[in-house]
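Only one structure is covered here, and it is reproduced in the block below.
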Number of protein chains: 4
Amino acid sequence: MSLPRTGPVRSEAARLAILEATAALFAERGYEHLTIEGVAARAGVGKQTIYRWWRSKGALVAECLLEGLLFDDRLALPDTGDVRADMQAWLTTVFAVIDAEPGLVLSLLAAAAEHPEVGARLRDSLTGSASISGRLDAAIGSTTALRPGVATEQLAEALIGAVVLRALSRSSSDADDAARLVDAILGDAAD
Amino acid sequence: MSLPRTGPVRSEAARLAILEATAALFAERGYEHLTIEGVAARAGVGKQTIYRWWRSKGALVAECLLEGLLFDDRLALPDTGDVRADMQAWLTTVFAVIDAEPGLVLSLLAAAAEHPEVGARLRDSLTGSASISGRLDAAIGSTTALRPGVATEQLAEALIGAVVLRALSRSSSDADDAARLVDAILGDAAD
Amino acid sequence: MSLPRTGPVRSEAARLAILEATAALFAERGYEHLTIEGVAARAGVGKQTIYRWWRSKGALVAECLLEGLLFDDRLALPDTGDVRADMQAWLTTVFAVIDAEPGLVLSLLAAAAEHPEVGARLRDSLTGSASISGRLDAAIGSTTALRPGVATEQLAEALIGAVVLRALSRSSSDADDAARLVDAILGDAAD
Amino acid sequence: MSLPRTGPVRSEAARLAILEATAALFAERGYEHLTIEGVAARAGVGKQTIYRWWRSKGALVAECLLEGLLFDDRLALPDTGDVRADMQAWLTTVFAVIDAEPGLVLSLLAAAAEHPEVGARLRDSLTGSASISGRLDAAIGSTTALRPGVATEQLAEALIGAVVLRALSRSSSDADDAARLVDAILGDAAD
DNA sequence: GCTTAAGCGAGACGGTACGTCTGGTCTTTGG
DNA sequence: CCAAAGACCAGACGTACCGTCTCGCTTAAGC
């Protein structure tokens, strides 16, 4: 596979081929078994072209994460207006994904543990893009836990954290687990 | 007619030397840079002696974890009777450890992401030995979040999860962060 | 006080496979295009097994030379009793080989220029094993140049040197050239 | 009517800078470690400018040789009228140079082995410019070996060849060796 | 006490991937 | 429109570890 040659400015074609190869290999074999040589071969690129622009495997994965090449749309938080129901539905989906493809999340965690840049991006991806704390803010007053003045950002972090822990401990989780977790975090409906 | 079992038995000295070398190298260089060859050399042991008894680097680390060789005593949850104060104090300490030696926790997370056995043990170590959910159970009724029937185990998980997330995202945290997190999880004092 | 333990021993099979692969690739592609990776692949051997026992490509080639894997029997000096005729016949053969496969000799020269060990072995192979100076010694008195007291070793060196020069300059040489050279070195028949 | 094709012409400055950089790097690091990239960097020139005008590293070195950039004047054959003495003196100098800077000659030999053009030029440089065979011709009759009808060109070749062989085999040589070699080639003084 | 087989230290083996270096080609940009 | 600069693909370099496999030694259980 040969790419169209470009000049002494950075080749966008090469960059894209590399990121796509990274995402594909990451999905297929996981972070641990992702190799620079494998990416280079798959992308039809010289190894040096990777080393020229990325410092490490982790930086490569971080950029994939940033470009949204690693997550699909299943993991978006739904918005029906009912925070509790939305969160339960979302958590149930997330648990199902972790059960079905534990490697995806675990690989991401391994990458995050190894490279600060992945860690930072991962947190943004999880708390930010799913915008959980935003939804919690909007629902303040509707449950006992969401009382005025509560730090919704920490609640969101705790929720995501619980998910991460379940992934790490390989405990398989179902809809009931999701409900229990949401109830624990949100409290009862406000009177 | 059974074949006679003869021959020497497993060397306890070798086992201990290996676990100690593993713990030392883990602390010095982190999980990623821990190598079986390095452990063998440090322990003054043949590689085969390691492979005979452990299936992988992860199994080695998991056993160290189980034997308490990786954590020191700083990380025990204090018990003054005041749950909120105890948790804040504990979290503050944990955050300080993460800030001071991020490698320790991150390496453990990397190991957990790679090896199920480490993940399982890690969760036990964190939630079990600190026995957070036990303390929460005992405090039911004392805060708005600790209402009767709440799943304290999920609350404990969420709390630990938040800690893990902060470690992964390398956000440095202080006593205020600890307080905010505890307040978000526990809610207000009960009336 | 413990004696050094012995451990596994060097694999003769690997050693031979490596030398044979080296000789084959040397003959096929020449010294310049001989690569350690190629030798390892051809020999079915890990690269480290080569680096463990040889310091360089040159050392490898030198050992092949020493084991006689690079030269075939065409290049042995015949012995009919007539020194002049033998030398002419031999030179004619050597010139023919150089004309037909210049790469063989040139590669050897390149290797010798790069690695002292090859140079030393090459000289031994050429002057020693062909034992030209021995033949000259035996013929002392039979030609004007082979007078008593003459340094036959230098004469042999000069002869071989002339051959090397012709190889380097790619001048194709025939039987007449061989005769002229032999006559120049040996002088006329003694009266 | 067509305008004369103008356009820039080959830059003499670039050509000289390249040749000088080549000669300098050759002297410093030898033929093996001479790289096109190194030459380009040293000459302040793009790699393509080299590849445009020379086909290979060898061609570059050959042109340096032709321009006399590689040899200094030490290596000229003196002319006192006494052939034997002149040759001994010259050989002694040559041996000393080889002993002191073996890399220079060896690098040249490596280049010659790799590239025909260098080989041809090298032979011309050595036999031609030192014009040994001319001197031998002029001395015909003065020694037993220099009898009428002898092929002085082959004698010259043999002499140079002996020098080349000594360089290749790294045998250090002194004035006595020079004398022995000259005596072997020239024979005794004619009666 | 002798036999004998497993555990031991050591380390060679076939491999994979690393991160670096150079070769030779091809473009862009500036003079 | 040439020459500098340098990005590109390709692939060899020498190193680090992997996990497996002998080696010869030591040692404890069972005859």
Side-chain angles (χ1 to χ4, degrees), chain A residues 1-11 13-15 33-41 43-53 55-57, chain B residues 3-11 13-15 33-41 43-53 55-57, chain C residues 2-11 13-15 17 33-41 43-53 55-57, chain D residues 5-11 13-14 33-38 40-41 43-53 55-57:
Chain A
M1 166 172 186
S2 76
L3 295 166
R5 295 301 190 77
T6 75
V9 292
R10 179 172 187 181
S11 157
R15 182 179 156 271
H33 297 105
L34 183 69
T35 67
I36 300 278
E37 296 211 328
V39 171
V45 138
K47 283 200 287 178
Q48 196 56 50
T49 302
I50 299 182
Y51 283 110
R52 193 172 3 251
W53 302 109
R55 279 188 315 191
S56 64
K57 190 165 77 160
Chain B
L3 292 176
R5 270 270 288 104
T6 76
V9 94
R10 178 172 187 182
S11 155
R15 182 179 156 272
H33 297 106
L34 185 68
T35 68
I36 299 279
E37 295 210 327
V39 172
V45 137
K47 283 200 288 177
Q48 195 55 48
T49 301
I50 299 182
Y51 283 109
R52 188 163 16 242
W53 302 109
R55 279 186 316 188
S56 65
K57 188 166 80 158
Chain C
S2 63
L3 289 175
R5 302 279 201 84
T6 67
V9 97
R10 179 172 184 180
S11 157
R15 184 181 154 269
H33 297 104
L34 184 69
T35 67
I36 300 277
E37 294 212 327
V39 171
V45 137
K47 282 200 288 178
Q48 196 55 50
T49 301
I50 299 182
Y51 284 110
R52 185 157 28 235
W53 302 109
R55 277 186 316 186
S56 64
K57 192 165 76 158
Chain D
R5 290 254 284 103
T6 69
V9 94
R10 179 173 183 181
S11 155
H33 298 104
L34 184 69
T35 66
I36 299 278
E37 298 212 325
V45 137
K47 283 200 288 176
Q48 192 54 44
T49 303
I50 299 182
Y51 282 110
R52 192 168 6 248
W53 302 109
R55 276 187 315 192
S56 64
K57 188 165 78 161

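Chain letters run A, B, ... following the sequence lines, proteins first and then strands; every chain starts at 1. All of these numbers come straight from a predicted model, not from anything done at the bench.
Backbone-only engagement by D/Gly44 is indicated by non-hydrogen atom pairs under 4.0 Å involving sugar-phosphate atoms exclusively.
The residue among C/Val45 and B/Val45 whose nearest nucleotide of DNA chain E lies closer to the 5′ end is B/Val45. The 5' end of DNA chain F is approached more closely, in terms of each residue's nearest nucleotide, by D/Gly46 than by the other of C/Gln48 and D/Gly46. If C/Thr35 and B/Lys57 are placed on DNA chain F by their nearest nucleotide, the residue sitting closer to the 5' end is C/Thr35.
Applying the 4.0 Å criterion to OP1 and OP2 of F/dC8, one finds that A/Trp53 has a side-chain N or O inside that range. For the pair B/Thr49 and E/dG9, the criterion of a side-chain N or O lying under 4.0 Å from OP1 or OP2 is met. The side chain of B/Arg52 contributes an N or O atom lying less than 4.0 Å from OP1 or OP2 of E/dC8. Taking side-chain N and O atoms only, C/Ser11 has no distance below 4.0 Å to OP1 or OP2 of E/dA12.
Computed from coordinates, the B/Glu37 CD to E/dA12 P distance equals 11 Å when rounded to whole Å. Put simply, CZ on D/Arg55 is 12 Å from P on E/dT25, counting in whole angstrom units. Distance CG (A/Leu34) to P (E/dG19): 12 Å, rounded to an integer number of Å. For the pair A/Ile50 CD1 and F/dG11 P, the computed distance is 15 Å after rounding to whole Å. Atom-to-atom, CD1 of A/Ile36 to P of E/dT20 comes out at 11 Å; the value is rounded to the nearest Å. Summarising the geometry, the separation between OH on C/Tyr51 and P on E/dG14 is reported as 15 Å, rounded to the nearest angstrom. One can place NE2 of B/His33 at 13 Å from C1' of E/dG19, the figure rounded to the nearest angstrom.
Contacts of C/Ser11 classified as side-chain hydrogen bond (donor to acceptor under 3.5 Å, both in side chains), with partners at least two apart in sequence or in another chain: none. Shown here are the side-chain contact (heavy atoms from CB on, under 4.5 Å) partners of A/Thr35, two or more places apart in sequence or in another chain: A/Glu37.
Closest approach of D/Ile36 to D/Ile50, counting heavy atoms only: O-CD1, 3.9 Å.
Heavy atoms from other residues, nucleotides or ligands lying under 6.0 Å from CZ of A/Arg52 number more than 12.
A donor-acceptor contact under 3.5 Å links the side chain of A/Lys47 to the base of E/dG19.
In this structure, the separation between CH2 on A/Trp53 and CZ on A/Arg10 is 5.5 Å, given to the nearest 0.5 Å.
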